[in-house]
Amino acid sequence: GLLWPDADEGRARDNLRLTLHRLRKHLGVAADGWLVVDRQHLGVRRDKECLTVDVHELLSGELEVEAVGPLADIVPKGCPEYSAWWTMWAERVRATAITQLRDAGGEALAAGDPGRAAPLGRRLLASDDLAEAGHELSVRASLATGNRDEARRLVARCTTLFRERLGVEPPVAITAL
């Protein structure tokens, strides 16, 4: 009943059986390599020959954040069992994405390419408008292009956000720029 919370156990089992049948039919012989099913368990064999998962590749550093689509809220309603699991994975992916964007932005600035760094800072702020790394990267990119007015505007926006939403001053690493 976890995947079909509105169905009784018998109907949920029938739904699962039908879904697995359709999946096997659609995948053909490929399903035999990675789909693992018995009367008590359902799983996938995750290895490079059978199945790759973009989130795992992102977390291992094999894939850049741009290649992974946004994590949608796909936790089935009425399934609190999945909520904690999903929240943990979503947070791991978010933290990895923030680290990758911050690092790529820093590398772009170090290479003298603020035009590449600025959109990375904006992406960081789009995912979390309180991300210190996004504010710092955006301000540094503006300064690197000589746009001091934009840098001051960004620092002022950051200051306002931190004061209003968190009740604290923004980090010195941002305001000192």
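Quick caveat, the model's predicted, so the values are computed rather than measured.
Put simply, CG on Leu166 and CG on Leu130 are 5.0 Å apart, with the number rounded to the nearest 0.5 Å. Expressed to the nearest 0.5 Å, how far OG1 of Thr96 lies from CG of Leu101 amounts to 10.5 Å. Note that the CD atom of Glu164 and the OG1 atom of Thr159 stand 11.0 Å from one another [nearest 0.5 Å]. Between Gln100 atom CD and Leu120 atom CG the span is 11.0 Å, to the nearest 0.5 Å. The line from NZ of Lys25 to CG of Leu20 is 14.5 Å long, rounded to the nearest 0.5 Å. The CZ atom of Arg122 sits 9.5 Å away from the CG atom of Leu154 when rounded to the nearest 0.5 Å.
Hydrophobic cluster membership differs between Leu177 and Val172, with clusters built from Ile, Leu, Val, Met, Phe, Trp and Tyr side chains linked at under 4.5 angstrom. Linking ILVMFWY side-chain heavy atoms closer than 4.5 Å, directly or via other members, places Val155 and Leu143 in a single hydrophobic cluster. Transitive grouping of hydrophobic side chains (ILVMFWY, heavy atoms separated by less than 4.5 Å) keeps Leu124 and Phe162 in distinct clusters.
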Donor-acceptor contacts under 3.5 Å from residues 132-139 side chains, at least two apart:
from	atom 1	to	atom 2	distance (Å)
His135	NE2	Asp129	O	2.7
Glu136	OE2	Arg140	NE	3.0
Glu136	OE2	Arg140	NH2	3.0
Ser138	OG	Gly134	O	2.9

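In terms of heavy atoms, Ala117 sits closest to Gly105 at CB-O, 3.7 Å. Taking every heavy atom of both residues into account, Leu125 and Ala131 meet most closely at CD2-O, 3.7 Å. Nearest heavy-atom pair across Ala144 and Leu109 is CB-CD2, 4.2 Å. Across all their heavy atoms, Ser142 and Glu150 have their closest contact at OG-CG, 3.2 Å.
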Under the side-chain contact (heavy atoms from CB on, under 4.5 Å) rule, what do Arg17 and Asp14 come out as? Steps first, then yes or no, please. CA-CA 5 Å; Arg17 192 176 304 113; Asp14 290 344; 2.8 Å; yes
